[in-house]
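The structure appears below as structure tokens.
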Amino acid sequence: MKKLLVLFVLTAFVACLYADLMIPTGKTPLNIESFKRAIRTQPNVSREVPEYEFVTDPINLITNFYDYMPGSYNSTPVRVQPEISQPNGHPAGGVYITFHARETAGSTRREYYAYIESDGTLFGCETIGTDPEHEGYSGIDIDPVTADPIVAWHVNVEPATPDNEVVVTYDLFHVLG
């Protein structure tokens with residue numbers, strides 16, 4: 001019985017100390033309504049929508065269930081080809097875009113590319129790699145001679161053979177035309 005009484009007195013003492021610590025310090029809360037009015041009435045703040053014009057109407061590339069850093073670590077993975085590719089002299093001038101996406105909410109993140117022709121027509125939007133693991137954060141550049149894109153992305157690569165050789169995949173974009 002003594003132990004129970006001592007435990008009860010100790011609990012009451014700690015509760016009283018805690019209650020003393022919870023006394024307000026005299027600070028008043030922020031009046032949110034006056035704060036909102038102050039922001040709206042600032043003379044130099046413009047809420048007007050700027051004028052804009054699309055040279056080419058926007059197009060849908062893919063339905064994406066992955067909404068985080070669609071590009072690369074250090075740049076925007078969008079590159080414009082030169083007007084004419086060399087050495088064959090094929091007309092080019094299109095735009096290559098790489099991004100990572102998920103086609104469904106439960107699928108793995110894959111790396112995709114899209115090629116938009118110079119007139120704004122979407123020519124292709126497909127996966128780049130063949131690895132079923134998560135892929136992403138691509139970087140892209142254009143070969144200055146052939147106007148072919150060079151794309152790099154990261155993926156977990158497991159040893160493919162007992163000799164620990166790694167299988168490297170690549171895609172030849174210029175085969176599309």
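Just so you know, residue 1 is the first one in the sequence shown, and it goes up from there. Just so you know, these numbers come straight off a predicted model, no measurement behind them.
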Nearest 0.5 Å please: distance from the [atom1] atom of [X] over to the [atom2] atom of [Y].
X: E117; Y: L122; atom1: CD; atom2: CG; result: 9.0 Å
X: I97; Y: T76; atom1: CD1; atom2: OG1; result: 10.5 Å
X: H100; Y: T127; atom1: NE2; atom2: OG1; result: 15.0 Å
X: Y137; Y: R109; atom1: OH; atom2: CZ; result: 5.0 Å

Of all heavy-atom pairs between [X] and [Y], which one has the smallest distance, and what is that distance?
X: Q81; Y: A147; answer: NE2-O, 2.8 Å
X: A92; Y: P82; answer: CB-O, 3.2 Å
X: E111; Y: E135; answer: N-OE1, 2.9 Å
X: A114; Y: L61; answer: CB-CD2, 3.9 Å
X: G120; Y: I59; answer: O-CD1, 4.0 Å
X: V80; Y: G93; answer: CG1-O, 4.4 Å

Requested in this report: Please confirm whether the backbone N or O of R102 pairs with a side-chain atom of N64, one donor and one acceptor, at under 3.5 Å?
Outcome: yes
Query raised in the report: Using 30° and 60° as the class limits, which term best fits the ring planes of F99 and Y112: parallel, tilted or perpendicular?
Result: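 Rings of F99 and Y112: parallel, under 30°.
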Query raised in the report: Can you say whether the rings of Y113 and Y96 are parallel (under 30°), tilted (30 to 60°) or perpendicular (over 60°)?
Result: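 Tilted: the ring planes of Y113 and Y96 meet at 30° to 60°.
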Report task. Kindly check if the number of other-residue, nucleotide or ligand heavy atoms within 6.0 Å of CG (D119) is above 12? Result ->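 Counting other residues, nucleotides and ligands, CG of D119 exceeds 12 neighbours.
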Query raised in the report: Who passes ring pair (Phe, Tyr, Trp, His ring centres under 6.0 Å) against Y52, sequence neighbours left out?
Result: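 Ring pair (Phe, Tyr, Trp, His ring centres under 6.0 Å) list for Y52, sorted by chain: F54.
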Query raised in the report: In this structure, which one of I150, D148, I142 forms a side-chain contact (heavy atoms from CB on, under 4.5 Å) with T146?
Result: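 Single side-chain contact (heavy atoms from CB on, under 4.5 Å) partner of T146 among I150, D148, I142: D148.
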Query - pair Y115-E126: side-chain heavy atoms closer than 4.5 Å - result: no
